[in-house]
Amino acid sequence: MDSNIVTRFAPSPTGFLHIGGARTALFNWLLARHFGGKFLLRIEDTDRERSTRKAVDAILDGLLWLGINWDDEPIFQSSRLNYHAELAEKLVKEGKAYRCYCTPDELEAMREEAKNRGLSPKYNGMWRDRDPRDAPSGVKPVIRLKAPLEGETTLRDIVQGEITVSNDQLDDMILVRSDGTPTFMLSVVADDHDMGVTHVIRGDDHLTNTFRHMQIFNAFGWNIPQYGHIPLIHGPDGAKLSKRHGALGINAYRDMGYLPEAVCNCLLRLGWSHGNDEIISRDQAVEWFTADNLGKSASRLDFSKLANLNGHYMRIADNDRLLEELLRIIGDVSEERQRRLMIGMNGLKQRAKTMLELRDIASIYVDDFIPIRIDADSREILHKIFLKLESIQDWSEENLDKKLREFSAEIGISFGKIAQYLRNVLAGKKITPSIFEMLVAFGKNESMSRIKAVLW
RNA sequence: GUCCCCUUCGUCUAGUGGCCUAGGACGUCGCCCUCUCACGGCGAUAACAGGGAUUCGAAUUCCCUAGGGGACGCCA
């Protein structure tokens with residue numbers, strides 16, 4: 001492998017970019033970046049019924065959000081349909097493919113028969129060597145590949161190792177439909193060849209397709225790319241990912257408050273490892289990633305691990321970036337409140353595992369103040385605290401800390417008690433960042449007026 | 001039904017014949033730190049699916065069984 005490697009991600013735009021697709025894209029991207037090659041994008045929109053522009057946008061946005069960029073312009077497979085059909089025609093001329101006039105009913109009967117005989121359900125080659133002059137009139141034919149009948153096909157998969165399948169397991173697949181449009185099998189092969197793709201990492205649900213793809217490559221006499229089939233990601237219950245659990249669009253993860261670098265890191269560790277390393281930056285991943293350490297067994301997405309990773313990336317994230325992202329979630333707030341958020345961000349971000357949690361904790365700096373009610377004893381102590389605070393000029397965390405601890409010793413009330421009063425009065429909550437941080441974030445004026453509002 | 005793949009703590013994984021009385025991370029549970037909550041630190045918990053074979057020696061190689069997954073369309 002060298003800098004000439006070309007990888008690709010080829011989603012079909014029939015829905016959003018789900019977590020499995022995102023991981024496939026990430027692996028291909030990393031492989032290309034690691035070796036200084038190219039990462040290309042191909043939109044497989046040949047199923048006109050189900051493909052939508054909206055889905056294309058969702059996929060592109062999702063990739064961009066994850067920081068996965070692609071080289072060259074994305075290729076839309078639909079624009080190459082005629083060309084693909086011509087290629088098939090060429091194979092027919094060369095005797096490597098043929099027209100088949102079977103009806104759906106006949107095909108159904110064949111599969112049924114094969115099944116009854118204990119074989120895998122497949123086409124029986126009925127028109128393979130039949131004279132085209134026997135063609136029934138009025139039936140539009142499909143074009144099928146003359147696949148080898150004997151021998152076996154061996155795939156040297158860069159993840160799964162050597163896999164051999166007997167050729168009699170594979171039937172003469174359809175290359176061109178009766179309406180003249182090429183099938184996925186043909187289009188993928190032709191496009192991968194034309195795009196110069198050298199390495200394909202994809203889900204192992206494609207494993208059996210790969211043997212078919214190889215036969216088509218061979219029919220054309222083209223070089224076959226290196227394949228690496230990675231296991232699918234399963235839901236938390238071990239079953240196939242479905243809408244119920246993790247099969248959400250990547251945008252859903254953003255909505256749940258995850259940072260893209262956390263999602264990437266989590267995805268990267270699902271099926272790939274580098275010794276005992278867990279937290280792996282993007283640059284580090286590019287440096288370390290090769291197909292050698294890809295795992296062969298299926299894995300599940302663990303949200304608590306994602307959350308842990310996300311907490312880490314939030315803690316090391318720039319405060320202004322977090323503020324920007326927070327404002328995106330809660331909408332715009334006054335300058336004064338933004339100022340408080342920025343001052344308090346260090347304390348806020350280490351208490352949140354997701355942006356949503358950050359939003360909740362940050363509410364103390366954003367929500368309108370509602371004075372709590374206190375009893376007479378508390379009022380007396382709070383009044384003393386009020387007078388003390390009023391006398392403090394240097395409104396810094398260090399000085400407030402020093403002065404309030406001295407004060408605690410003077411009046412013989414534990415510092416914990418004092419902190420508890422202040423916390424409750426300033427924020428109206430029992431769980432908050434440090435009281436000094438809040439005092440500074442609110443500023444002396446606001447802090448004093450909040451205490452006043454409770455006292456009187 | 002046929003073919004293919006997979007199987008180490010609850011989860012993600014390290015491990016490529018001796019360094020493994022199996023390591024790390026998340027989770028969980030304790031303790032410490034401490035103005036609450038977090039963060040951080042320390043510790044505990046917990047796994048080689050089962051059975052054969054090869055070998056002086058097997059989580060690591062081979063075979064069988066079981067369980068799980070995937071593929072068998074004029075979808076991609």
Side-chain angles (χ1 to χ4, degrees), chain A residues 10-14 44-47 49-51 77 100 102 104 107-108 111 114-123 140-144 155 157 159-161 163-166 168-171 173-179 181 183-185 187-188 203-209 211 229 231-232 234 236 238-240 266 269-279 293 295-309 311-312 315 347-353 357 361 401 404-405 408 414-424 427 429-436:
Chain A
S12 54
T14 55
E44 306 207 323
D45 56 346
T46 52
D47 186 342
E49 299 283 298
R50 297 191 297 154
S51 300
Q77 199 160 58
C100 163
C102 285
L107 292 172
E108 183 58 33
R111 289 193 199 102
K115 239 175 183 168
N116 290 340
R117 287 170 50 202
L119 302 170
S120 71
K122 55 174 206 165
Y123 175 68
K140 295 227 179 197
V142 298
I143 296 179
R144 286 180 185 272
L155 165 66
D157 193 276
V159 174
Q160 305 287 343
I163 303 167
T164 299
V165 165
S166 171
D168 59 26
Q169 288 298 320
L170 277 16
D171 61 7
M173 76 201 91
I174 294 178
L175 264 20
V176 176
R177 302 185 189 96
S178 54
D179 67 0
T181 59
T183 59
F184 158 81
M185 291 292 171
S187 292
V188 166
D204 69 7
D205 51 336
H206 280 292
L207 194 56
T208 50
N209 285 332
F211 291 93
H229 291 87
L232 269 15
H234 289 188
K240 192 179 176 181
C266 190
R269 287 289 292 106
L270 235 45
W272 181 84
S273 61
H274 184 270
N276 282 337
D277 295 301
E278 296 288 347
I279 290 172
N293 298 315
K296 300 170 80 168
S297 54
S299 50
R300 311 175 188 196
L301 180 63
D302 183 359
F303 278 89
S304 65
K305 193 149 190 168
L306 211 207
N308 176 274
L309 243 16
H312 167 80
R315 269 172 261 134
L348 294 175
K349 70 182 181 185
Q350 66 174 319
R351 288 173 171 76
K353 282 189 162 36
E357 288 180 15
I361 299 168
D401 189 320
L404 281 179
R405 282 180 202 278
S408 152
S414 76
F415 178 70
K417 200 82 177 161
I418 291 172
Q420 192 184 316
Y421 279 118
L422 274 178
R423 179 183 329 284
N424 217 356
K429 289 189 174 185
K430 293 208 161 67
I431 297 174
T432 73
S434 114
I435 54 166
F436 306 119

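Reminder, nothing fancy here: chain letters follow the sequence lines and each chain counts from 1.
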K.L.:
Start with the C-alpha gap between Ile163(A) and Phe211(A), add the side-chain angles, then the distance that decides, and say whether side-chain contact (heavy atoms from CB on, under 4.5 Å) holds.
P.N.:
CA-CA 10 Å; Ile163(A) 303 167; Phe211(A) 291 93; 3.7 Å; yes
K.L.:
Can you tell me the pairing partner of A71(B) across any strand shown, Watson-Crick or G-U wobble, with both distances under 3.5 angstrom?
P.N.:
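U2(B) is the nucleotide pairing with A71(B).
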K.L.:
To the nearest Å, how far apart are Asp171(A) CG and G73(B) P?
P.N.:
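It is 7 Å, rounded to the nearest whole Å.
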K.L.:
Would you indicate whether Lys417(A), at its atom NZ, is surrounded by more than 12 heavy atoms from other residues, nucleotides or ligands within a distance under 6.0 Å?
P.N.:
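Counting neighbours around NZ of Lys417(A), 12 or fewer heavy atoms of other residues, nucleotides or ligands fall under 6.0 Å, so no.
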K.L.:
Quick one: does any side-chain atom of Gln160(A) pair with a main-chain N or O of His229(A) as donor and acceptor, under 3.5 Å?
P.N.:
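Indeed, once roles are kept as given, a pair shorter than 3.5 Å links the two residues.
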K.L.:
If we call it a pair only when both distances are under 3.5 Å in a Watson-Crick or G-U wobble match, what pairs with C29(B)?
P.N.:
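Check on C29(B): paired to G43(B), both distances under 3.5 Å.
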K.L.:
Rounded to whole Å, how long is the line connecting atom CZ of Phe184(A) with atom C1' of A71(B)?
P.N.:
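Rounding to the nearest Å, CZ of Phe184(A) and C1' of A71(B) are 12 Å apart.
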K.L.:
Using heavy-atom distances to pick each residue's nearest nucleotide on RNA chain B, tell me which of Asp277(A) and Thr164(A) is more 5'.
P.N.:
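Checking each residue's closest nucleotide, the 5'-ward one belongs to Thr164(A).
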K.L.:
Taking His274(A)'s backbone N and O only, do any of them form a donor-acceptor pair with Asn293(A)'s side chain (distance below 3.5 Å, no angle check)?
P.N.:
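Side chain of Asn293(A) to backbone of His274(A): no pair is present.
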K.L.:
When we call it a touch if two heavy atoms are under 4.0 Å apart, what does Cys102(A) touch: a base, just sugar-phosphate, or nothing?
P.N.:
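Touches a base.
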K.L.:
List in chain and number order the residues that pass side chain to side chain contact (heavy atoms under 4.5 Å, CB included) with Ser273(A), two or more places apart in sequence or in another chain; answer none if no residue qualifies.
P.N.:
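Applying side chain to side chain contact (heavy atoms under 4.5 Å, CB included) to Ser273(A) gives Arg269(A).
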K.L.:
Please report the distance, rounded to the nearest Å, between CG in Leu155(A) and P in C3(B).
P.N.:
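So the two atoms are 19 Å apart, to the nearest Å.
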K.L.:
Summarise how protein sits on nucleotides 28-45 of chain B as a single string, 5' to 3': B when a protein heavy atom is under 4.0 Å from the base, S for sugar-phosphate-only contact, - for no contact.
P.N.:
-------BBBBSS-----
K.L.:
Look through every strand shown and name the nucleotide pairing with U16(B) as Watson-Crick or G-U wobble, where both distances are under 3.5 Å.
P.N.:
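WC or wobble partner does not exist here.
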K.L.:
Counting only side-chain heavy atoms from C-beta out, which of G69(B), A76(B), G24(B) sits nearest to His206(A)?
P.N.:
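Of all the options, the side chain of His206(A) is nearest to A76(B).
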K.L.:
Kindly indicate whether the side chain of Lys305(A) and the base of C12(B) share any N or O donor-acceptor pair separated by less than 3.5 Å?
P.N.:
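Looking at the base of C12(B), it does pair with a donor or acceptor on the side chain of Lys305(A) (distance under 3.5 Å).
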K.L.:
With side chains defined as the heavy atoms from C-beta onward, is the minimum distance between Met173(A) and Leu175(A) less than 4.5 Å?
P.N.:
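The answer is yes, as the side chains (C-beta and beyond) meet within the 4.5 Å cut-off.
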K.L.:
Write down the partner of U7(B) under the Watson-Crick or G-U wobble criteria, each distance required to be under 3.5 Å.
P.N.:
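Its partner is A66(B).
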K.L.:
Classify the side chain of Asn209(A) and the base of A76(B) as holding, or not holding, a donor-acceptor pair under 3.5 Å.
P.N.:
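Such a pair is found, so the answer is yes.
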K.L.:
Within the structure shown, what part of the strands sits under 4.0 Å from Thr46(A) by heavy-atom distance: base, sugar-phosphate, or nothing?
P.N.:
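Counting heavy atoms under 4.0 Å across all strands, the contact made by Thr46(A) is with sugar-phosphate only.
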K.L.:
Go through the N and O atoms of the side chain of Thr208(A) and the base of C4(B), and report whether any donor-acceptor pair is under 3.5 Å.
P.N.:
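Result: no qualifying N/O pair found.
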K.L.:
Which protein N or O atoms sit under 3.5 Å from an N or O of nucleotides 58-66 of chain B?
P.N.:
none

K.L.:
Expressed in angstrom and rounded to an integer, what is the separation of Leu107(A) atom CG from G73(B) atom P?
P.N.:
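After rounding, the reported distance stands at 10 Å.
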K.L.:
Between Ser299(A) and C12(B), is there a side-chain N or O to OP1/OP2 distance below 4.0 Å?
P.N.:
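Negative; the distance criterion is not met.
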K.L.:
Kindly give the heavy-atom pair with the smallest separation between Arg423(A) and Lys430(A), and that separation in Å.
P.N.:
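Minimum heavy-atom contact is CD-O, 3.2 Å.
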K.L.:
Specify the separation, in whole Å, of atom CE of Met173(A) and atom C1' of C74(B).
P.N.:
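My rounded result for the distance is 14 Å.
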K.L.:
Choose from C3(B), C4(B), C74(B) the nucleotide whose nearest atom is closest to any side-chain atom of Gln169(A).
P.N.:
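The answer is C3(B).
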K.L.:
In whole angstroms, how far is the P atom of A76(B) from the CZ atom of Arg50(A)?
P.N.:
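So the two atoms are 8 Å apart, to the nearest Å.
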K.L.:
At 4.0 Å (heavy atoms only), tell me whether Gly347(A) reaches a base, stays on the sugar-phosphate, or touches nothing.
P.N.:
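Nothing: the residue Gly347(A), judged by heavy atoms under 4.0 Å, touches no strand.
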K.L.:
First locate atom CD1 of Ile279(A), then atom SG of Cys266(A), and finally report the distance between them rounded to the nearest 0.5 Å.
P.N.:
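Interatomic distance, Ile279(A) CD1 to Cys266(A) SG, rounded to 0.5 Å: 11.5 Å.
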K.L.:
Closer than 4.0 Å, any side-chain N/O of Asn308(A) to the OP1 or OP2 of A25(B)?
P.N.:
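No, Asn308(A) has no side-chain N/O under 4.0 Å of OP1/OP2 on A25(B).
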K.L.:
I want to check something: taking the side chain as every heavy atom from C-beta on, are Leu155(A) and Leu207(A) in contact at a cut-off of under 4.5 Å?
P.N.:
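Leu155(A) vs Leu207(A): side chains touch.
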K.L.:
Decide yes or no, distance alone: a donor-acceptor N/O pair under 3.5 angstrom between the base of G70(B) and the side-chain of Asp204(A).
P.N.:
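There is none.
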K.L.:
How would you label the contact of Ser178(A) with the nucleic acid (heavy atoms, under 4.0 Å): base, sugar-phosphate, or nothing?
P.N.:
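Here Ser178(A) touches the bases of the nucleic acid.
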K.L.:
Please give the nucleotide sitting opposite U34(B) as a Watson-Crick or G-U wobble pair, both distances under 3.5 Å, or none.
P.N.:
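Matched U34(B) with nothing under the 3.5 Å cut-off.
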K.L.:
Using the P atom on both, measure C9(B) against U60(B) and round to a whole Å.
P.N.:
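Going atom to atom, P in each nucleotide, I get 14 Å.
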K.L.:
Atom NE2 of His234(A) and atom P of C12(B): how far apart are they, to the nearest Å?
P.N.:
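One finds 10 Å between P of C12(B) and NE2 of His234(A), rounded.
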K.L.:
Closest nucleotide of RNA chain B for Ile163(A) versus for Gly275(A): which of these residues is on the 5' side?
P.N.:
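The residue mapped nearer the 5' terminus is Ile163(A).
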K.L.:
Tell me what Arg111(A) touches on the nucleic acid: a base, only sugar-phosphate, or nothing, going by heavy atoms under 4.0 Å.
P.N.:
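The residue Arg111(A) makes sugar-phosphate contact but no base contact.
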K.L.:
Only pairs with both distances under 3.5 Å count, Watson-Crick or wobble alike; so what is the partner of A59(B) in this structure?
P.N.:
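A59(B) is paired with nothing.
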K.L.:
Rounded to whole Å, how long is the line connecting atom NE2 of His312(A) with atom P of C26(B)?
P.N.:
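From His312(A) NE2 to C26(B) P: 11 Å.
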K.L.:
Remember a base hit wins even if backbone is also touched, and classify Glu278(A) as base, sugar-phosphate or nothing at under 4.0 Å, heavy atoms.
P.N.:
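Base, at least one base heavy atom under 4.0 Å.
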